[in-house]
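Notes to accompany the following structure.
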2 protein chains.
Amino acid sequence: MSAKTRESTKPMLASIKEHPGKRADSTARLRQRVLDAALTCFAAAGVEATSVADITRLANVSTGSLYHHFDSKNGIAEALYLQGLDQLNSGVLGRLNRCRSARTGVRSVVLQYAEWVSANREMAGFLYAGDVVMSDAARLERKRMYGRQIRAVFEWFARYVARGEMRHIPADTYVPLISGPIQEYTARWLSGDAQRSPAALKALFADAAWNAVKT
Amino acid sequence: MSAKTRESTKPMLASIKEHPGKRADSTARLRQRVLDAALTCFAAAGVEATSVADITRLANVSTGSLYHHFDSKNGIAEALYLQGLDQLNSGVLGRLNRCRSARTGVRSVVLQYAEWVSANREMAGFLYAGDVVMSDAARLERKRMYGRQIRAVFEWFARYVARGEMRHIPADTYVPLISGPIQEYTARWLSGDAQRSPAALKALFADAAWNAVKT
DNA sequence: GACATACTAGAACGAGATTCTAGAAAGTTG
DNA sequence: CAACTTTCTAGAATCTCGTTCTAGTATGTC
């Protein structure tokens with residue numbers, strides 16, 4: 001089917017490589033092309049409704065090639081998911097670590113969250129759609145990431161809790177209290193049930209977050 | 001394959017019908033058997049990993065029969081999803097409508113939510129897993145349900161907002177502020193990342209909800 | 001310049017969702 | 001109750017993918 005677009009036996013990558021090109025280079029390029037194409041498809045139609053053929057077509061890659069670099073269609077979805085989640089998490093954590101008071105820290109979590117999802121709508125939509133069926137390995141990885149995030153966030157908060165500037169509640173309730181509302185609102189927005197972007201309402205949700213955990 | 005379990009040409013429904021049995025009766029019975037079987041499978045393994053054969057086997061129904069009553073495997077998932085969501089919503093709304101003060105009303109939403117998910121873990125897990133790929137029709141129906149719920153909840157709140165007992169904020173931010181945290185916590189609990197059941201922490205989240213919207 | 005490794009291509013395979021064909025039960029009408 | 005229609009059941013046949021397999025082609029190394 002896509003044989004028509006292949007004009008010769010020369011690899012199509014030749015035209016993309018600007019330098020003589022190490023193999024590693026073109027490999028990385030192809031992997032990325034596949035990931036980009038997959039995100040576009042997944043965000044538009046969901047993982048299940050996207051066929052491998054859709055991805056190979058958009059990425060301009062053969063079936064064999066795709067399977068040489070990835071385990072399975074779902075493996076691509078998992079890789080994207082973990083990559084997106086990590087990006088979101090580290091954005092939040094990075095900003096939090098530059099804060100110097102309990103209030104700005106708590107607010108920063110919400111603000112960063114709102115800004116990120118508004119700026120990365122395609123990835124956010126993919127993450128929220130939740131149609132990635134996680135393998136045990138990916139599930140474990142996600143749990144590890146979530147645990148690390150919770151721990152890092154909680155450690156940051158700990159000193160303020162100790163000083164009595166923040167409430168003392170079970171460790172795993174901080175994140176739901178702080179980011180639950182903005183996440184819930186974001187889900188509505190992504191599914192088209194809410195009009196205003198999370199970024200437009202970030203102040204409201206940031207205030208609410210601080211209000212929920214301050215003493 | 002399942003021919004082994006079919007002992008004769010007599011319909012297996014005969015043994016189930018206690019009355020002479022109208023057709024509508026046995027039809028409803030079969031539909032429900034399929035839905036029950038599907039929920040069990042979906043909750044255990046997810047929609048994608050469940051085969052139609054799994055469902056027909058557990059429900060003791062033939063392929064043709066199943067497809068006579070449902071469009072597709074995904075159609076079954078959609079029906080279950082909407083049914084579960086409706087149950088959850090009406091539970092919340094019913095309880096809210098029996099409340100006589102802003103504070104008890106707001107708290108009741110959270111309490112009901114926590115109790116329902118803790119009591120209906122299988123359905124809750126299915127709803128939260130989010131692995132139902134919604135058709136346009138189902139998406140529309142969900143939007144309609146969500147809109148109705150938001151409106152009903154907001155109408156209830158409206159009088160207290162007018163009296164100045166509750167904050168005046170955009171209509172579609174009340175639900176995220178009130179139930180966002182408990183929902184977020186529930187998601188963690190269902191995926192095994194949090195230990196205590198939502199019901200065990202309901203008071204904490206109910207207080208937080210009231211705190212978030214009171215004046 | 002021969003061998004190894006990394007990669008690409010697309011055909012073949014197999015699992016499983018959906019459709020099709022045949023026929024049985026229930027309901028209706030005379 | 002006999003003829004006829006409609007609803008429902010059964011399971012085989014089909015068709016759509018995801019994945020694997022076979023046959024290569026480039027790149028790098030000695």
Side-chain angles (χ1 to χ4, degrees), chain A residues 1-17 19-31 33-34 38 41-42 45-57 59-78 133 135, chain B residues 1-17 19-31 33-34 38 41-42 45-57 59-78 133 135:
Chain A
M1 59 285 289
S2 64
K4 275 308 206 26
T5 64
R6 185 99 325 114
E7 58 280 13
S8 75
T9 42
K10 273 298 171 93
M12 72 282 166
L13 281 178
S15 59
I16 297 179
K17 290 188 267 184
H19 320 297
K22 306 294 188 308
R23 175 132 62 192
D25 194 41
S26 81
T27 290
R29 217 176 286 272
L30 183 142
R31 263 191 72 95
R33 271 222 316 286
V34 170
C41 295
F42 292 163
V47 175
E48 191 164 8
T50 297
S51 72
V52 170
D54 291 336
I55 301 173
T56 58
R57 204 176 306 122
N60 200 28
V61 160
S62 73
T63 316
S65 216
L66 183 147
Y67 275 93
H68 178 75
H69 295 283
F70 296 93
D71 282 356
S72 63
K73 179 176 83 164
N74 204 62
I76 300 175
E78 286 176 358
V133 182
S135 67
Chain B
M1 60 280 296
S2 65
K4 276 308 209 22
T5 64
R6 186 96 326 114
E7 57 281 9
S8 76
T9 43
K10 272 299 170 96
M12 72 279 165
L13 281 178
S15 57
I16 297 179
K17 290 188 269 187
H19 320 297
K22 306 294 187 307
R23 174 133 61 191
D25 194 40
S26 80
T27 289
R29 215 174 287 272
L30 183 140
R31 263 190 72 94
R33 269 220 319 283
V34 171
C41 295
F42 292 164
V47 175
E48 191 164 8
T50 297
S51 73
V52 170
D54 290 337
I55 301 173
T56 58
R57 204 175 307 122
N60 201 28
V61 159
S62 73
T63 316
S65 215
L66 182 147
Y67 275 94
H68 178 76
H69 295 284
F70 296 93
D71 282 355
S72 63
K73 181 176 80 164
N74 203 62
I76 301 175
E78 286 176 358
V133 183
S135 67

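Just so we're on the same page: letters track the sequence lines, and every chain starts at 1. Atom set for the values below is all heavy atoms of this structure, side chains included, hydrogens, waters and symmetry mates excluded.
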Check your understanding: Where the side chain of A:Glu78 meets the backbone of A:Ser135, is there a donor-acceptor pair that is under 3.5 Å apart?
Key -> yes
Point to revise | Comparing A:Gly64 and A:Val47 on DNA chain D - which has the more 5′ nearest nucleotide | key: A:Val47
Would you mind reading off the distance between [X] atom [atom1] and [N] atom [atom2], rounded to a whole angstrom?
| X | N | atom1 | atom2 | result |
| --- | --- | --- | --- | --- |
| A:Arg57 | D:dC17 | CZ | P | 10 Å |
| A:Ile76 | D:dG18 | CD1 | C1' | 11 Å |
| B:Phe70 | D:dC8 | CZ | P | 12 Å |
| A:Arg31 | C:dA6 | CZ | C1' | 15 Å |
| A:His68 | C:dC7 | NE2 | P | 4 Å |
| A:Asp54 | D:dG18 | CG | P | 8 Å |
| B:Leu66 | C:dT18 | CG | P | 10 Å |
| B:Lys73 | C:dT18 | NZ | P | 7 Å |

[X] side chain: which of [options] is closest?
| X | options | result |
| --- | --- | --- |
| B:Ser72 | C:dT8, D:dT9, C:dT18 | C:dT18 |
| B:Val52 | C:dC7, D:dG11, C:dA17 | C:dA17 |
| A:Thr27 | D:dA12, C:dC7, D:dC8 | C:dC7 |
| B:Tyr67 | D:dC8, C:dT18, C:dT8 | C:dT18 |

Review point. Does B:Ser65 make a side-chain N or O approach to OP1 or OP2 of D:dT9 shorter than 4.0 Å?
Key: yes
Practice item. Rounded to the nearest 0.5 Å, what's the gap from NE2 on B:His68 to OG1 on B:Thr27? Could you check? Key: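 Taking NE2 in B:His68 and OG1 in B:Thr27, the distance rounds to 7.0 Å.
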Practice item. Measure the spacing between CG of A:Leu66 and CD1 of A:Ile55 and express it to the nearest 0.5 Å. Key: 6.5 Å
Exercise for review: Assign A:Thr56 to base, sugar-phosphate, or nothing according to its heavy-atom contacts below 4.0 angstrom with the strands shown.
Suggested key: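 Here A:Thr56 touches no strand at all.
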Exercise for review: Please work out if A:Thr63 contacts a base, only the sugar-phosphate, or nothing of the nucleic acid, heavy-atom cut-off 4.0 Å.
Suggested key: base
Check your understanding: If every non-hydrogen atom of B:Ala59 is compared with every non-hydrogen atom of B:Val34, which pair is closest and at what distance?
Key ->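 Distance-wise, the nearest heavy atoms are CB-CA, 4.0 Å.
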**Study point:** B:Glu48 to A:Glu48 - nearest heavy-atom pair and separation
**Key:**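 Answer, listing the atom of B:Glu48 first, then A:Glu48: CG-OE2, 4.3 Å.
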